[in-house]
Amino acid sequence: MRAWVIRGIGGLDQLQIADVPDLAGPLEARQVRIALRAAALNRLDLFVMRGLPHEYHYPHILGADGAGVVEAVGAQVRSVRPGDRVMINPGIPDYRCEYCRAGEHSLCVNYGILGEHRPGTLAEYVIVPEQNTAIIPTLPKPLTWAEAAAFSLVTLTAWRMVVTRAQVRPGETVLVWGIGGGVSLAALRIAKVRGARVIATSSSAAKLEQARALGADVTLNHRTEKVSQQVRALTEKRGADVVIDSVGESTWDESLRSLERGGRLVTCGATTGPKVALDIRRLFWYQWSIMGSTMGNDAEYREIVRLLGAGELRPIVDRVFPFAEARAAFERLERGEQLGKIAVAISPA
C-alpha cells in the first residue's frame with residue numbers, strides 16, 4: 001500500500017511517499033481494518049520526524065488522525081461493521097492495565113499514539129482496536145472526510161484539558177495561547193460551551209479575527225502586547241482562573257504571571273521547547289495548580305463524539321491537500337500558517 005513514511009530522523013528531508021507492506025492478514029478478535037479516506041496533520045508529526053525518545057521501526061508511517069470506511073472486523077467486534085464510516089481515536093492503550101481498568105486509558109503503561117508509537121494514518125489502510133473507532137455522526141450538513149479526520153486528537157486533548165483537568169466553570173476567565181492550532185481552537189470552543197469568558201492570543205491579526213468569530217471575548221496579539229499585563233487589566237488585577245498552554249518555553253513565564261491566586265495552568269505541549277523555570281515560592285504562595293494533560297480516556301472520547309453529533313465542536317479545516325502533495329501539507333504546518341487542521345485526502349485504493 002502507499003504511505004507517507006520516514007526512514008530516519010531529521011526534518012522534511014526524511015519524508016517520502018513509498019510502497020510499504022499491506023496490513024492484510026487475519027485480524028485479532030477486536031481489531032478493525034479501515035480503508036482511510038482522509039488523514040489530518042498535527043505538530044506531533046513534526047516532532048516524530050525530528051526524533052522522539054523511543055525506538056522507531058523504519059519505514060515509519062506518519063499520521064495520528066484519520067477517518068475512513070471499515071473494511072474488515074475481528075470475530076468479536078460488535079460496535080462497527082464493514083461499510084461503516086468511522087473516525088479514529090488515535091490514542092491506543094492495552095485496555096488491560098490497572099489504569100485502563102480504572103477508566104484512565106491515556107495513563108496506560110503501554111499507551112501509544114498512531115503515527116508516533118504505531119504505524120499511522122497517512123496510508124491507504126490502518127488497523128486499530130474496535131474501542132478506538134467511532135461512527136461518524138449524521139449532521140444536517142454532513143461532515144466531510146477531512147472534517148472527520150480532523151476531529152479526534154485535538155478535540156479530545158482540549159476536552160481533557162478544559163473539562164477534566166481544569167474543570168472550567170461558567171463565568172471563569174480562561175486564557176488560551178496560540179489560536180490557530182487545532183488544540184487551541186478546540187479549547188476556545190469548549191471553554192465557551194462551558195460558559196467561560198475566553199481571552200485568546202495569536203501573533204496573526206487574521207487568526208485573532210477568526211478567534212473573535214468563534215466566540216473569543218477578548219483577543220491579544222502576543223507579539224505586540226504584554227499578555228500578563230493585559231489579562232490583569234481585563235480582570236481587575238485578579239488574573240485568569242485558567243491558562244491553557246500548549247506552547248511551552250516561550251509562554252511559560254507569562255502564563256504564570258497571568259494566573260490569579262489559586263489559578264490553574266494546564267499544559268499539553270512544548271512546541272517552543274520543554275525546559276521551563278519555576279520559582280516555587282510563587283507556586284506555594286499563590287497556591288497555583290499546575291497540571292499536565294495528554295489525550296483522554298474512552299468516556300471523554302464518547303462524550304465529544306456525542307457533542308459533535310449534537311452540532312457542537314465541528315472541526316475547523318484549514319486546507320485539504322491531495323495525497324500525492326502531502327509534503328506541501330507538512331511544509332504549511334511547519335511554517336505555522338494554518339488556521340485549523342491541515343488534512344490530506346486519501347483516495348480509495
Side-chain angles (χ1 to χ4, degrees), residues 1-10 12-28 31-50 52 54-74 80 82-92 112-130 132-134 136 144-154 317 319-333 341-349:
M1 66 177 182
R2 299 289 278 171
W4 281 92
V5 304
I6 54 172
R7 298 186 184 275
I9 298 305
L12 290 177
D13 58 304
Q14 294 292 335
L15 182 65
Q16 59 183 263
I17 191 170
D19 288 310
V20 299
D22 198 351
L23 301 176
L27 294 173
E28 295 179 11
Q31 284 186 330
V32 177
R33 173 178 157 103
I34 299 168
L36 289 156
R37 295 293 182 263
L41 304 188
N42 296 279
R43 285 220 158 258
L44 173 63
D45 298 306
L46 298 178
F47 299 149
V48 170
M49 276 194 288
R50 295 167 187 155
L52 292 171
H54 63 81
E55 184 179 355
Y56 292 89
H57 299 284
Y58 299 113
H60 179 75
I61 303 173
L62 296 172
D65 274 321
V69 178
V70 174
E71 186 188 73
V73 300
V80 296
D84 283 343
R85 294 161 47 93
V86 297
M87 48 194 181
I88 300 167
N89 174 359
I92 300 180
I113 299 176
L114 294 176
E116 180 179 0
H117 309 93
R118 299 166 177 263
T121 56
L122 278 166
E124 292 176 313
Y125 299 97
V126 70
I127 292 175
V128 299
E130 172 188 15
N132 286 79
T133 64
I136 297 172
T144 66
W145 283 119
E147 288 176 317
F151 177 74
S152 294
L153 187 146
V154 296
V317 174
R319 189 174 296 183
V320 183
F321 289 81
F323 190 66
E325 299 175 20
R327 180 182 296 276
F330 276 91
E331 291 170 351
R332 182 169 177 81
L333 178 66
K341 293 296 292 291
I342 299 170
V344 176
I346 304 173
S347 299

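Keep in mind the model is a prediction, meaning the values are calculated, not measured.
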- Task: Step by step, work out the side chain to side chain contact (heavy atoms under 4.5 Å, CB included) result for Ile346 and Arg37.
- Result: CA-CA 5 Å; Ile346 304 173; Arg37 295 293 182 263; 5.7 Å; no
- Show your working on side chain to side chain contact (heavy atoms under 4.5 Å, CB included) between Leu12 and Phe330 and close with a plain yes or no. CA-CA 8 Å; Leu12 290 177; Phe330 276 91; 3.5 Å; yes
- Message: The test is side chain to side chain contact (heavy atoms under 4.5 Å, CB included); show your working for Leu122 and Val5 and say whether it passes.
- Response: CA-CA 8 Å; Leu122 278 166; Val5 304; over 6 Å; no
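A distance-only check finds a donor-acceptor pair linking the side chain of Thr121 to the backbone of Gly63 [under 3.5 Å]. When atom types are taken as modelled, the side chain of Glu147 and the backbone of Thr144 share a donor-acceptor pair closer than 3.5 angstrom. The main-chain N or O of Gly91 is never found under 3.5 Å from a side-chain atom of Arg118 such that the two would form a donor-acceptor pair. Using a distance-only test at 3.5 Å, with no hydrogens or angles considered, no donor-acceptor pair links the side chain of Gln31 to the main chain of Pro129. A distance-only check finds no donor-acceptor pair linking the side chain of Tyr56 to the backbone of His117 [under 3.5 Å]. Judged by distance alone, the side chain of His54 and the main-chain N or O of Glu116 form a donor-acceptor pair under 3.5 Å.
Shown here for Ala149 and Ala40, the closest heavy-atom pair between the two residues is O-CB, 3.6 Å. Nearest approach of Asp65 to Pro90, heavy atoms of both residues: OD1-CG, 4.0 Å. The minimum heavy-atom distance linking Leu114 with Pro119 is given by the pair CD2-O, 3.5 Å. Taking both residues in full, the closest heavy atoms of Pro82 and Glu71 are given as CB-O, 3.8 Å, listed atom of the first, atom of the second, then distance.
No side-chain heavy atom of Ile9 sits less than 4.5 Å from a side-chain heavy atom of Val48. Proximity of Leu15 to Leu62: side-chain heavy atoms (C-beta onward) are separated by under 4.5 Å at one or more points. In this structure, Arg2 and Asp19 have side chains that are in contact, with non-hydrogen atoms separated by less than 4.5 Å.
The cationic group of Arg33 lies under 6.0 Å from the six-membered ring centre of Tyr125 and within 45° of the ring axis, placing it in a cation-pi geometry. Note that Arg85 lies in the cation-pi zone of Trp145, set by a 6.0 Å cut-off to the ring centre and a 45° limit from the axis.
Here the CD1-CD distance, from Ile6 to Gln16, works out to 10.0 Å after rounding to the nearest 0.5 Å.
No side-chain donor from either of Gln14 and Arg7 sits under 3.5 Å from a side-chain acceptor of the other.
Remark: of the listed residues Val69, Val32, Val70, Val70 is the sole one forming a side-chain contact (heavy atoms from CB on, under 4.5 Å) with Val86.
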